There are 2 protein chains.
Amino acid sequence: MRVLKYAILGLLDKGELSGYDITSQFKKEIGQFWSAKHSQIYPELKKLTDEGFIEYQTVIQGTKLEKKIYSITKSGKQELDKWLNTFSPIPETAKDEFMLKAYFISSMSKEEANELFTDQLIKRKRKLNHLDERFNELQEKIDDPISFDSPHFGHFLVLTKAIEREKGYIEWLERMLPMLNK
Amino acid sequence: MRVLKYAILGLLDKGELSGYDITSQFKKEIGQFWSAKHSQIYPELKKLTDEGFIEYQTVIQGTKLEKKIYSITKSGKQELDKWLNTFSPIPETAKDEFMLKAYFISSMSKEEANELFTDQLIKRKRKLNHLDERFNELQEKIDDPISFDSPHFGHFLVLTKAIEREKGYIEWLERMLPMLNK
DNA sequence: AAACCCATGTAACGCGTTACATGATTAT
DNA sequence: ATAATCATGTAACGCGTTACATGGGTTT
């Protein structure tokens, strides 16, 4: 399916970026739902350039350091739009290693299961706190209430969804934990 | 990380299975959170046998059809327990192609975004219905209320979590949709 | 007879991570 | 000076999907 291809096209449609910048983006906002390492990104950028979906200018940073600033082409924008307007089926499987362990709870003692779930709850709560902080930072940047036209609307969507995900996890863990305590 | 290794060990710790049976399991209960195709399972079974974590007997079905019934060894059970008792960090990224599209909402028109979100909502509701049906089927099999000791507790955990996941998705989509309508 | 399910395997290819490799620039 | 960050690439390996390949058993 080459999702990375579309992830890069989507990022470049927001603005010009270097390979390094793209790597950085995957560590931030969209990183909750998609990411890739630089070792995968650089070859993909080369491929997309060969295919004519993106192009670049070489820029000198300082005196020697070269960087390539990529931008999306008309052909690339068309390709992106095609993907954005494709309705895909929901994946059968959303892989989650913790839930795989949970499924095998009959292979654990009650104490072991309790520790596993408690550890997961702590980590999910910590993650929710981090996301809440980021949401507060976003709130300060936007003209409340946010709307479709805000340049931060995409960020708002992924942040609220990630927060929903963690809250849902926490709620479920807290609902299951009493069954592992007594 | 070889998660498939542990998925197979976990399944075999519940009972003896053929490669075909394991493939079937991934289409059912645990399929919401982990799965693999038979083309990946058969080589992995061979590898686990070589490593001494599982073993098999050949059984004749009918007159000619051979199948291999696998079971976990003591060494395999130890390996499984080690994994079950390892606390892993929450993954930074839980890949979700729909959310990647959502992040690129600024590349869509309001109408396109509305259609995308509406389509997703319909699909998530349909999935929730299927999961609810499966939950009702499970309810009939168990001595209500379910407890840690029930042989269906693992199934109960993954089903309730999958239902929570879909409900959370639906709730979030319904919260976002008004911003794409007006 | 045909369709569907049971049953096992391999081959080719693409996706993704870790490690290898190098060097410039900026902040402390 | 030193550490952190910016910047780009390749190599090796493992994971995962699609397709190729074969055949037996059961149900309609």
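Everything numeric in this text was worked out from a predicted model, so none of it was measured. Naming convention: chains lettered A, B, ... in sequence-line order (proteins, then strands); numbering from 1 in each chain.
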Take B:Glu44 and A:Ser18, find for each the nucleotide of DNA chain D with the closest heavy atom, and name the residue whose nucleotide sits nearer the 5' end.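 Per heavy-atom nearest nucleotide, the more 5' residue is A:Ser18.
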
NZ or CZ of [X] within 45° of [Y] ring axis and under 6.0 Å:
{"X": "B:Arg124", "Y": "B:Phe98", "value": "no"}
{"X": "A:Lys101", "Y": "A:Phe117", "value": "no"}
{"X": "A:Lys37", "Y": "A:Tyr42", "value": "no"}
{"X": "B:Lys14", "Y": "A:Tyr103", "value": "yes"}

[atom1] of [X] versus [atom2] of [N]: gap in Å, rounded?
{"X": "A:Lys68", "N": "D:dT8", "atom1": "NZ", "atom2": "P", "result": "8 Å"}
{"X": "A:Lys46", "N": "C:dC15", "atom1": "NZ", "atom2": "C1'", "result": "19 Å"}
{"X": "B:Lys67", "N": "C:dA7", "atom1": "NZ", "atom2": "P", "result": "4 Å"}
{"X": "B:Glu51", "N": "D:dG14", "atom1": "CD", "atom2": "P", "result": "12 Å"}
{"X": "A:Tyr70", "N": "D:dG9", "atom1": "OH", "atom2": "C1'", "result": "10 Å"}
{"X": "B:Leu45", "N": "D:dC15", "atom1": "CG", "atom2": "P", "result": "14 Å"}
{"X": "B:Leu17", "N": "C:dT8", "atom1": "CG", "atom2": "P", "result": "11 Å"}
{"X": "A:Lys47", "N": "D:dG9", "atom1": "NZ", "atom2": "C1'", "result": "17 Å"}

Just checking B:Lys95: base, sugar-phosphate only, or nothing, at a heavy-atom cut-off of under 4.0 Å?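 Sugar-phosphate, backbone atoms only, no base.
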
Under a plain distance cut-off of 3.5 Å, with no hydrogens placed, do A:Trp34 and A:Gln25 share a side-chain donor-acceptor pair? no

What does the B/S/- profile of nucleotides 18-28 of chain D look like, 5' to 3', with a 4.0 Å heavy-atom cutoff to protein? BB---BSS---

For B:Gly19 and B:Ile41, the nearest pair of non-hydrogen atoms, with its separation, is O-CG2, 4.2 Å

Give, for atom CH2 of B:Trp172 and atom CD1 of A:Ile163, the distance between the pair rounded to the nearest 0.5 Å.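 That separation rounds to 12.0 Å.
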
Toward the 5' end of DNA chain C, which comes first, A:Ile60 or A:Ala36, by nearest nucleotide?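 Per heavy-atom nearest nucleotide, the more 5' residue is A:Ala36.
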
A:Tyr20 side chain near D:dC6 phosphate (N/O to OP1/OP2, under 4.0 Å):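 Yes, within the criterion.
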
